[in-house]
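Letters A, B, ... mirror the listed sequences (proteins, then strands); counts begin at 1. The analysis underlying the following values was restricted to heavy atoms, covering all of them including side chains, and did not include hydrogens, waters or symmetry mates. Here the structure is a predicted model, which is why all the values come from computation and not from measurement.
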Amino acid sequence: MEYNFREIEDKWQRYWRENKSYKSEIVSGKKKYYVLDMFPYPSGAGLHVGHPLGYIASDIVSRYKKLRGFNVLHPMGYDAFGLPAEQYAIQTGQHPKITTEQNIARYREQLDRIGFCFDWSREIRTCEPEYYKWTQWVFIKLFNSWFNCATKKAESIDELIAVFSTKGFNCSEPQYLTGDIEKAVAPFSSDEWNAKSEMEKSDILLNFRLAYLSNAMVNWCPALGTVLANDEVKDGVSERGGFPVEKKIMKQWSLRITAYADRLLTDLDELDWPDSVKEAQRNWIGKSEGTSIRFEVIPNEESNDQADQNSIYNAASPDTKELKDHRYSDPKSYSHLKKFSRENKLNPTEAEEVLWEALRRTSLGFKFRRQYPISKYIPDFVCLDPKLVIEVDGGIHMEFSQRENDANKNAELNFYGFEVLRFKNEEILDDIENVLIVISNRLNELKNNSPSPLERGLGGEASTLESRDFSSESTEQNSSDFKNDSSHKVQASPQPSPAERELVGDSNPRISQSLSDFKNDSSHSNPPSPLERGLGGEASTLGNRETLYIEVFTTRPDTVFGVSFVALAPEHDLVNIITSAEYRSAVQEYVEASSKKSERERQTEVKKVSGQFTGAYVAHPFTGAKIPVWIGEYVLVGYGTGAVMAVPGHDQRDYLFAKHFNLPIQEVVSGGDLAQEAYVAKEGVLVNSDFLNGLDVKAAVKKAIGEIEKRGIGKGQVNYRLRDAAFGRQRYWGEPIPIFYEDGIPKTISETDLPLVLPEIDKFQPTESGEPPLARAADWKYKGKFNYETTTMPGWAGSSWYFLRYMDSNNEKEFVSKEAVNYWQQVDFYLGGAEHATGHLLYVRFWTKFLYDLNLIPCKEPAKKLINQGMIQGVSAFVYRINGSNKFVSEGLKNQYETTALHVDISIAPNHILDTEKFKLWREDFKNAEFILEGDQYKCGAEVEKMSKSKYNVVNPDDIIEEYGADTLRLYEMFLGPLEQSKPWSTQGISGVHNFLRRAWRLFQIENGACKLSDETPSAAELKVLHKTIKKVEEDVERFSFNTTISAFMICLNELSDLKCNKRQILEPFTILLSPYAPHFAEELWSLLGHKESITKASFPIWKEEYLVENEFEYPISINGKVKFKINLSLQLSKEEVEKNVMSSEELGKFMQGTPKKIIVVPGRIVNIVV
RNA sequence: GCCCGGGUGGUGGAAUUGGUAGACACGCAGGACUUAAAAUCCUGUGGCCUUACAGCUGUACGGGUUCGACUCCCGUCCCGGGUACCA
């Protein structure tokens, strides 16, 4: 009876389905093994032969582990939310749910035909409410958690709120030590916290939540109408569709994956994952350890004078006015300050209005500006010359803590050289004339006696700085005046958005920090401050200038003496402030030009050196040398501080920049040839570097950091390249974010109201006003009145935890039961494409760690072992149309004509010979095609490309199954080569594995529905063949080397055939060995062998050493490393005996004479004779 | 540019720890069976030189370590993947 694969495969697929053969359940006490494939997105094109490659491998592992007695979990499902279905919906109006279901049905049909042992009772679809209910649930958990930097784990936001209301918040405490929070949230006391409005609290908490809303720079893809995460953008275009992507600031939900950067990095070490994936994640996280260094800007006489005149006394152009507007403001927050300043101007308090009018009508001889940013503050009224600030204090200043803040603010303003006068509302409203007199007197005093900033801020008036410790003169003086009050302007003004408001905290920790550093520095004369060292002699000429700093981040503090310029990103806020008059127009031009460039342009122009001198200089922190400040596009505003100290001698980009603009290149680390290129290596001895001379790089880095910290001009710092993940999509076909807005405050819906089901809408486009499609759902409101968030989650949301849901996929009460997750733990073997290295695989690790922190699951990593299967590429076929005609020329003759290559469907060009008649019928416009043949054939061109519908090179597994059967397909895909390797699909060779099955079938001698096998005891030779194979198959599957396993089967079959083996005791175990690879085939034989139970219930055979022992070995005898002949010798012989036997052999004489120099004997391996 | 892989017959690939390079399969050639074909089975198959035996050569290229190197080290070239002015 012949091998009839169609009949067999139908029969067993039905049997498995009817008997639920692959249903898995928790069996306590039984060891488990969890095999997971990355679940597919069900695309309209269906499966091609590339898809099953990984599924077949994991199916083999599952079946093998079952035979080895493991309780195997091997589920499958669909990553069913996604863009293609939605794009199709936009075009046709067809609901994406319908498209998705059709595609799933098709996928399922194709998968079933390949004979996988998936437990379909656990199927999940991310787009179904029963599933995404729990995705939303995790989101709520993220929203309600923050990352404690002291314990390094996520904790409940409620606990944080409790801390705030009892102890307040101060960013210097270890649990808050992340750069973002330090920058974004000002310290506050518990009383202040309790006094804050709901909105203020909400805004502050958003800075802590792991899922948060903020104004963030996003990748906006206009063509797709949505934002994308960083990993969804490749080369400046969207990964799906290849549409251009631009940077844009948008209010946006994000997940704080950066909080986990360090854990995601360190835990990689313990994962059995491909090095390439681990390395890709390391690079993506991009940890770099270095130090910040502050460079003091040397005031530019000429430019500042001119600027002063321009803006204060003359009709200033808008540009210079703009410049003047923020010459004292904190550069990083200027744009936010400006907005807030504008808003305050539009909404003055009554007292402010009165004072402003009074100042304007009275000619005091001094010019005042309103709501003028200085550092991170916006004082109410500012006179720039002399420097005086007038503050109108509202009721909020009654609070003790606010007085502290006022003290900080005073100190800060003093630092910039401003005197501060404070008035209460009543003072102004009751007696404005008196107020004006006080102001006028003070101004005149200041005008006549203006001390230098050195004297004021640093030297003589140390007490002013001490006032930072909450006891300044002005504070005391004012505090006694505080009584009742009308509302303060901050409260009176309309609520700005969170991002705007978060900067308006009345104190700025960062500057406070640097100030105290500075104070320490200068109040002790040793070591000398940069000012004293570098600029001491010029102190008198400094006049009443403010001091500005450029902060840079560097990983090479050792090279600090090699700095020859400082480079700012074009978007850096200091650019406008420090640029001298002379260079202003050139700088503006440069900045504008670079801002107009798209992300794409900037990326393609990489390595083109461009830059512009600003005319400004900074002082070297150690030598005091004058260092020019440049702007360069190669400096990125989003990384580090947006400024670099350029060391051309030891950084490639700085080197190119310096060469291009003819800037000095100073060697500070010996070992390279700087005339040729930058010496970037982190080894060598420091030279030209003062106190670092003679040290090696490692020691110099250490010493430099120490010195920098000692002088308070910077501190050790760690930067990550990883950014928080954009989580909202302006799209319909995704999980609704379970958030509603009450009075503008985002709140999560109650867990008991989950799932928040995707509402039905009439159209899937964005609304006319540009809102996401969900805004079309008119009556879609929480509790009938609150608006829901209208963005949806990104494609990777559902896949970030699906491995957990499979453990307990039908649970309506929990996302996964404790029992299930404690039993199945984590994935033991995970198989999928390498393209997910920095996307899915990072997100799923992040979510896993988060759920672990919340004690919801027992493992902190999703998968122990990961393998990436290679891609199976397609071989495309091309025809060559002669330009401007309907003539097609064969591949070999195409060079004689001007042609255009067109893809042609590989089904009408078998073996790349075009079927010209089918080609004419293929598409309407080829109906009248003419051909120029080679010989009597039309030969198509061939090229290996990604298998894709649009390239007409897709091979459907159904066709292969139709012709050869599923078992042949399974064996063949495994036989193609190593699993991880990519390779083009070719059916050359498929007959080899198909033949193997047919020959194996014959070995079983089937007649009349039974195997006619002998029950005799097998021979030693037969046993040896069998046990050798068991051993090999076992070893190979354990190391996922499936191609060599197939060849082991073939060798086994060849040898058994040679032995004419028909012994049941040999062929039964052989059948079991084969069953994971060719399950239908093995089931049928198993049943024909008389077994009533499925072969999946069998046990994997155990190989026995005793059958494998060899008595003899044919030693290859080599002379000078070249094998000359072979001798059979007993393996029992010792080294010496082997040597004796070889030396006395007849054959040796043929190859050598005399005595050998040396004889190497490796027992059981080889003998080498050196002559 | 940087990081990670890889380069072996006509083809896919094997060689697991430095120990017989090319397993297994495809293809090709020859043969058997057959009226013939298909199917099946047998033999051969890296290159060069030879009737043959043998010999020489050979794992991208050039060096090195070693009794012995596809395997380890140094340099060069090429291919694939990741990443990109990340300081």
message: Under 6.0 Å from the ring centre and within 45 degrees of the ring axis: does the NZ or CZ of A:Lys278 meet both conditions for the six-membered ring of A:Trp273?
response: no
task: Ignoring backbone atoms, establish whether A:Asn1043 has a side-chain N or O less than 4.0 Å from OP1 or OP2 of B:A14.
output: yes
message: Between A:Asn868 and B:G81, is there a contact of a side-chain N or O with OP1 or OP2 at under 4.0 Å?
response: no
message: Checking base pairs now: Watson-Crick or wobble, both atom distances under 3.5 Å. What partners B:A29?
response: B:U43
- request: Can you establish whether the number of heavy atoms outside A:Arg1165 located under 6.0 Å from its atom CZ is more than 12?
  value: no
- prompt: Checking all strands, does A:Pro274 fall into the base, sugar-phosphate, or nothing category for heavy-atom contacts under 4.0 angstrom?
  reply: nothing
- prompt: Want to settle it: does A:Gly977 or A:Gly992 sit nearer the 5' end of RNA chain B, counting the closest nucleotide to each?
  reply: A:Gly977
query: Using a cut-off of less than 4.0 Å, is there contact between a side-chain N or O of A:Arg998 and OP1 or OP2 of B:U40?
result: yes
query: Are any of A:Gln652's side-chain N or O atoms less than 4.0 Å away from OP1 or OP2 of B:C85?
result: no
message: Please identify which of these residues, A:Trp1001, A:Phe5, A:Phe975, A:Phe1081, meets the ring pair (Phe, Tyr, Trp, His ring centres under 6.0 Å) condition with A:His994.
response: A:Phe5
message: Pairing check on B:C72: which nucleotide meets the Watson-Crick or G-U wobble criteria with it, both distances under 3.5 Å?
response: B:G64
message: Looking at A:Arg556 and A:Asp651, is any side-chain nitrogen of the basic one under 4.0 Å from a carboxylate oxygen of the acidic one?
response: no
message: Heavy atoms from C-beta onward define the side chain here; which of B:G19, B:C85, B:U20 lies closest to that of A:Pro1116?
response: B:U20
- line: Per nearest nucleotide of RNA chain B, the residue lying toward the 5' end, A:Arg1002 or A:Gly286, is A:Arg1002
- prompt: Which of the following nucleotides, B:A21, B:A87, B:C67, is nearest to the side chain of A:Val1123?
  reply: B:A21
is_close_aromatic(A:Tyr634, A:Phe657), centroid dist under 6.0 Å: yes
message: Suppose you measure atom P in B:A60 against the same atom in B:U50; what distance do you get, rounded to whole Å?
response: 28 Å
- line: A:Arg999 has its side chain closest, among B:G13, B:A25, B:U20, to B:A25
message: Under 3.5 Å for both donor-acceptor distances, Watson-Crick or wobble: does B:A38 have a partner, and if so which one?
response: none
message: Distance criterion of 3.5 Å, no angle test: do you see the side chain of A:Lys1032 paired donor-to-acceptor with the base of B:U16?
response: yes
- request: Among B:G13, B:U20, B:A25, find the nucleotide with the atom closest to the side chain of A:Phe1113.
  value: B:U20
statement: Among B:A25, B:G19, B:A87, the one nearest any side-chain atom of A:Phe553 is B:A87
field: Integer angstrom distance from the C1' of B:G75 to that of B:G27
entry: 38 Å
message: Output the rounded distance in Å from OH (A:Tyr964) to P (B:C26).
response: 12 Å
- request: May I ask you to evaluate whether A:Thr838 reaches the phosphate of B:G82, defined as a side-chain N or O under 4.0 Å from OP1 or OP2?
  value: no
message: Suppose you measure atom C1' in B:C67 against the same atom in B:U20; what distance do you get, rounded to whole Å?
response: 16 Å
- request: Using the C1' atoms only, state how far B:C49 lies from B:U11, rounded to an integer number of Å.
  value: 26 Å
- prompt: Would you say A:Tyr1115's side chain and A:Gly1164's backbone share a donor-acceptor pair under 3.5 angstrom?
  reply: yes
query: Which nucleotide in the set B:G19, B:A87, B:A23 lies at the smallest distance from any side-chain heavy atom of A:Val644?
result: B:A87
